[in-house]
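One structure below.
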Amino acid sequence: MRPLAGPPPDAEPVLILGGGLMGLAIAHQLARLGRSATVLSRRRSEAAGFVAAGMLAPHAEGLSGPMLALGQASLERIPAWVARIEADSGLPCGLRPCGIVVPFPGAAERDAYPTAPFGEPLDRAGLEREVPGIGPAWRAGLLFAQDGQIDNRRRLMRALERACVALGVRFEEGTEVLELLTAGGRRLRGVRLRRAEGGEHTMAASTAVLACGAWSGRLLPELPVHPVKGQMLSLQGPRASLGRVVFGPGTYLVPREDGLLVVGATSEPQAGFDDGLTPEGQKQLQTGIAALLPEAALWPPMERWWGFRPGTPDDAPLLGPGPIEGLWLATGHHRNGVLLAAITAERIAAAITAAGSGTDVAADALLAPFRWDRPFPAAA
Ligand code: GLY
């Protein structure tokens with residue numbers, strides 16, 4: 001497909017640092033706007049976009065304030081965003097607007113939930129109707145019919161990558177960015193990198209997007225991004241055994257169309273970048289399954305895996321211009337990366353293509369609360 005508008009294809013490409021969901025989504029959107037992009041990616045499999053459960057859950061996650069507004073804006077855009085990816089790639093993304101049920105021990109906890117006004121209140125009978133077989137401890141719930149899920153791990157990431165290739169995005173796999181190079185510490189002039197075949201190189205660039213997820217702070221230590229490890233597993237359930245996502249405290253169940261049940265997730269900031277599964281983490285998930293949907297404890301296990309969410313001190317992303325001119329930030333999405341990919345791609349690509357045209361990107365009301373240098377709560 002030809003680029004739709006913008007500068008000629010031989011304009012200097014935007015360097016996308018990170019080949020995860022944010023990097024791909026922004027590269028895809030830039031390509032749709034007629035800007036060429038090159039994605040530098042160290043190891044695709046470590047991207048949080050491959051690890052996440054794919055919930056689209058601004059309401060079930062109980063977001064509030066600007067995060068809720070950003071999440072709702074992204075949720076609204078997701079059907080059209082997915083349709084564009086599917087059209088450009090020819091691949092399905094597995095979007096399932098199936099609704100999410102949040103169960104509670106009682107009505108008081110339900111009514112105090114931050115997003116309760118956006119959900120349908122359920123009593124025990126309502127819970128049993130929406131989640132047949134739900135554990136006996138849950139007496140109340142909220143149904144967020146507007147929330148849903150997408151099959152990020154098996155479908156979305158592959159489709160997005162194919163869509164990028166179809167629109168002419170270039171990829172350099174196995175490439176680790178070691179350093180941002182600046183002119184006088186103020187303006188971006190390129191990156192120093194190491195390629196898989198060895199050797200260090202420099203690549204010139206005046207515009208780049210930092211989308212390195214949990215690793216973002218390694219390139220730019222002033223960014224308050226830290227890894228929040230999550231362990232997960234999947235089970236094979238009967239097809240259509242569970243219609244809704246079930247979002248319990250500490251454990252959630254995400255049923256795919258074919259009966260695969262994705263179960264998440266631990267939240268282990270103290271683990272840093274420690275690789276691997278732990279008995280405690282896996283036990284937390286098993287206990288959560290038994291409490292939420294006892295029959296699922298007997299379903300055959302399929303896979304177990306872990307990954308690193310990019311956390312920030314206020315659990316909200318860092319979006320917009322970075323501390324170096326020409327460097328844009330799209331990182332720190334913590335628990336909501338899949339949800340926020342659509343709005344992040346739209347707004348960051350729009351800001352990049354508008355840069356230099358006199359448009360004031362700081363005036364973007366959705367992005368303004370997510371500046372990297374906003375005041376953060378002090379560490380506990
Ligand atoms: N979005 C859920 C999680 O990060 O575990």
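Numbering of ligands and ligand atoms starts at 1, following listing order. Positions are given from 1 along the sequence.
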Item to check | Protein residue, atom and distance nearest to atom 4 (O) of ligand 1, heavy-atom basis | outcome: Arg309 NE, 2.7 Å
Item to check | Contact check: Tyr252 vs ligand 1, nitrogen or oxygen atoms, below 3.5 angstrom | outcome: yes
Checklist outcome for this item: When distances are taken from atom 1 (N) of ligand 1, the protein heavy atom at minimum range is Arg335 O, 2.6 Å
Item to check | Phe118 and His59 aromatic ring geometry - parallel, tilted or perpendicular at 30°/60° bounds | outcome: tilted
Checklist entry - Below 4.5 Å, heavy atoms only, C-beta onward: do Phe370 and Thr344 meet side chain to side chain? => result no
Checklist entry - More than 12 non-hydrogen atoms from neighbouring residues, nucleotides or ligands closer than 6.0 Å to CZ on Arg187, yes or no? => result no
Item to check | Residue part near ligand 1, for Glu61, under 4.0 Å between non-hydrogen atoms | outcome: side chain
Next on the checklist: At less than 4.0 angstrom from any non-hydrogen atom of Ala265, what atoms of ligand 1 do you find?
Outcome noted: 5 (O)
Item to check | Ring centers of Trp215, Phe273 separated by less than 6.0 Å | outcome: yes
Next on the checklist: Check this for me, if you would: do Arg186 and Glu325 make a salt bridge, where the nitrogen-to-carboxylate-oxygen distance has to be below 4.0 angstrom?
Outcome noted: no
Checklist entry - Does Asn336, backbone or side chain, put an N or O under 3.5 Å from an N or O of ligand 1? => result no
